2 protein chains.
Amino acid sequence: MKISTKGRYSVTALYELALHYGTGPLPLKNIAQGQGLSENYLEQLMLPLRRAGLVKSIRGAQGGYMLAREPKEITIGEIITTVEGPIAVVDCLLAEAGAKDQPCERACACVTRGIWEKVCDSISEVLGGITLQTLMDNDKGSEHVGCAR
Amino acid sequence: MKISTKGRYSVTALYELALHYGTGPLPLKNIAQGQGLSENYLEQLMLPLRRAGLVKSIRGAQGGYMLAREPKEITIGEIITTVEGPIAVVDCLLAEAGAKDQPCERACACVTRGIWEKVCDSISEVLGGITLQTLMDNDKGSEHVGCAR
DNA sequence: TGGAATCCCGAGCAGTTTTGTCAGATTTAT
DNA sequence: ATAAATCTGACAAAACTGCTCGGGATTCCA
């Protein structure tokens, strides 16, 4: 039950972009250095984020990345599902959505399914309710103690 | 963001025990066969569950496992944290609880921490609110369609 | 026009975690 | 005694994580 660094790094990177929203492209190097992340690794995370339409990129010198939408229009849930895949705490739930496989091989008494559905819904609700704008608003005047990068 | 098979298997195993609550020990073989799980693997999961005081075991012939408490006194959250460790979606949150390390090496602006805390709280709340008894009550009269094992 | 900055993309890789398997020791009912 | 069970530790294949690296493509600027 861990959120990988992919998700965390992506959120902080996009938060950085949100802080510079409207001021032209921000090169990856700046984001990486500012947050203490590996530039090469971060580069890999930007690929799916760009394809998902969360960020836009400008190549060449003086290029960089920028948010494709306003900070208030980008939720943390979107960012995380983009780089980590769907929030399905068990594969069973995925199969139903995609309908590529049988929902479950065993015709067993499925008493646990409801649990995982509730967990997924709960996580989605929390992450879907927080936007980059929310983070910026909350950050003003906070104390900056502990940190998850 | 997956719940491992450890957690899922444990829940179904203990659910099976709940169904037989009060009727003497149930051997592992029955549980494994009934739910289609590996007996050897399940055996490993019972060790922490026993040490955590969720199940009791009786060795020797005619032995087996039984719940150590009433089904309504055992939450899904307890089961999962026992076999998977604490529900901390990022290590940062763990460090605070254990206080063995610095909460975060970097004195960075920690705008994301609040997100992970909310996710953890949300998951804990959902899993802590469901007991084995809940599952038994819900199961009566359900349709048994999809299944997460 | 040339070079520097910057994104784009795929390959690879070391370490950890997951998901088991297996063999044997121990305990107990019959 | 024997069979039925739990207990315990070692081992291993496969998947995943968290990166690194090298080269290519594009664009700005002098």
Side-chain angles (χ1 to χ4, degrees), chain A residues 1-13 17 20 24-33 35-52 54-68 80 83-86 88-91 148-149, chain B residues 1-13 17 20 24-52 54-68 80 83-86 88-91 94 148-149:
Chain A
M1 285 302 289
K2 285 275 194 296
I3 290 178
S4 70
T5 58
K6 276 188 203 169
R8 302 209 317 270
Y9 290 1
S10 299
V11 170
T12 53
L17 287 183
H20 291 80
L26 191 65
L28 199 58
K29 187 190 295 179
N30 294 26
I31 306 174
Q33 286 180 353
Q35 299 288 336
L37 308 178
S38 153
E39 188 180 340
N40 285 317
Y41 189 39
L42 199 51
E43 200 171 32
Q44 295 196 337
L45 305 181
M46 298 309 281
L47 184 64
L49 290 169
R50 180 173 55 82
R51 289 183 176 154
L54 293 181
V55 302
K56 284 186 297 191
S57 64
I58 295 182
R59 303 179 68 167
Q62 319 306 319
Y65 293 93
M66 56 180 67
L67 293 185
I80 290 188
V83 296
E84 297 203 2
V89 294
V90 297
D91 289 328
R149 281 225 167 156
Chain B
M1 284 300 290
K2 285 277 194 293
I3 290 178
S4 70
T5 58
K6 275 188 203 170
R8 302 209 318 270
Y9 290 0
S10 299
V11 170
T12 53
L17 288 182
H20 292 79
L26 191 64
L28 199 58
K29 187 189 296 179
N30 294 25
I31 306 174
Q33 287 180 352
Q35 299 288 336
L37 307 178
S38 153
E39 187 180 341
N40 286 316
Y41 189 39
L42 200 51
E43 203 169 29
Q44 294 198 337
L45 304 182
M46 298 310 280
L47 182 65
L49 291 169
R50 180 172 56 81
R51 288 183 177 154
L54 293 181
V55 303
K56 285 187 294 191
S57 64
I58 296 181
R59 302 180 67 167
Q62 317 308 318
Y65 293 93
M66 57 181 67
L67 293 184
I80 290 187
V83 296
E84 297 201 5
V89 295
V90 297
D91 289 329
L94 255 186
R149 281 228 167 153

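Just so it is clear, the model here is predicted, and its values are computed rather than measured. Each chain gets a letter, A, B and so on, in the order its sequence line appears, and its residues count up from 1. Basis for what follows: all heavy atoms, side chains included, without hydrogens, waters or symmetry-related copies.
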| query | OP1 or OP2 of dT21(C) less than 4.0 angstrom from a side-chain nitrogen or oxygen of Ser38(B), does that happen here? | reply | yes
| said: Pick the closest DNA chain C nucleotide for Gly63(A) and for Asn40(A) by heavy atoms, then say which residue is nearer the 5' end. | reply: Gly63(A)
| query | For Gly63(B) and Pro25(B), which heavy atoms make the closest approach, and how far apart are they? | reply | C-CB, 3.8 Å
| Separation of atom CD1 in Ile3(B) from atom C1' in dT18(C), rounded to whole Å | 15 Å
| request: Counting heavy atoms from C-beta on, name the nucleotide in dC7(D), dC22(C), dT19(C) closest to the side chain of Arg50(B). | output: dC7(D)
| task | Decide yes or no for Met66(B) and Leu17(B): does some side-chain heavy atom of the first lie under 4.5 Å from some side-chain heavy atom of the second? | result | no
| message | Taking only side-chain N and O atoms of Ser57(A), does any of them lie within less than 4.0 angstrom of OP1 or OP2 on dC8(C)? | response | yes
| request: In whole angstrom, give the distance that lies between atom NZ of Lys2(B) and atom P of dC16(D). | output: 9 Å
| query | Rounded to the nearest Å, what distance is computed from the CD1 atom of residue Ile80(B) to the C1' atom of nucleotide dT18(C)? | reply | 16 Å
| message | Tell me whether the side-chain N/O atoms of Arg51(A) come closer than 4.0 Å to OP1 or OP2 in dC9(C). | response | yes
| said: To the closest 0.5 Å, what do you measure between OG (Ser57(B)) and CG (Leu47(B))? | reply: 9.5 Å
| said: Does dT17(D) have OP1 or OP2 under 4.0 Å away from a side-chain N or O of Tyr41(A)? | reply: no
| Check: Ala88(A) main-chain N/O paired with Lys2(B) side-chain donor or acceptor under 3.5 Å | yes
| field | Upstream residue (5' side of DNA chain D) when Ala61(A) and Leu28(B) are each assigned their closest nucleotide | value | Leu28(B)
| said: Quiz question: going by heavy-atom distance under 3.5 Å, is there a donor-acceptor pair between the base of dC29(D) and the side chain of Gln62(A)? | reply: no
| request: May I ask you to verify whether the side chain of Glu43(A) and the base of dC7(C) hold a donor-acceptor pair under 3.5 Å? | output: no
| So, is Thr5(A) near the phosphate of dT17(D), with a side-chain N or O under 4.0 Å from OP1 or OP2? | no
| request: Among the candidates dT6(D), dG9(D), dT18(C), find the nucleotide nearest to the side-chain atoms of Arg59(B). | output: dT6(D)
| request: Find the distance Glu39(B):CD to dG20(C):P and express it as a whole number of Å. | output: 14 Å
| query | Just how far, in rounded Å, is P of dT17(D) from CG of Asp91(B)? | reply | 14 Å
| note | Judged by nearest nucleotide, the residue sitting upstream toward the 5' end of DNA chain D, Met46(B) or Ser4(A), is Met46(B)
| task | Starting at atom CG of Leu42(A), determine the distance to atom P of dC9(C), rounded to an integer number of angstrom. | result | 16 Å
| Exam field: side chain Glu84(B) to backbone Lys6(B), donor-acceptor pair closer than 3.5 Å | no
| query | Within this structure, what is the CG-to-P distance between Leu47(A) and dT6(C), rounded to whole angstrom? | reply | 19 Å
| said: Can you measure Arg8(B) atom CZ to dT19(C) atom C1' for me and round it to whole angstrom units? | reply: 11 Å
| Closer than 4.0 Å, any side-chain N/O of Tyr65(B) to the OP1 or OP2 of dA5(D)? | no
| task | Find out whether Arg8(A) and Val11(A) are in side-chain contact, i.e. whether some heavy atom of one side chain is under 4.5 Å from a heavy atom of the other. | result | no
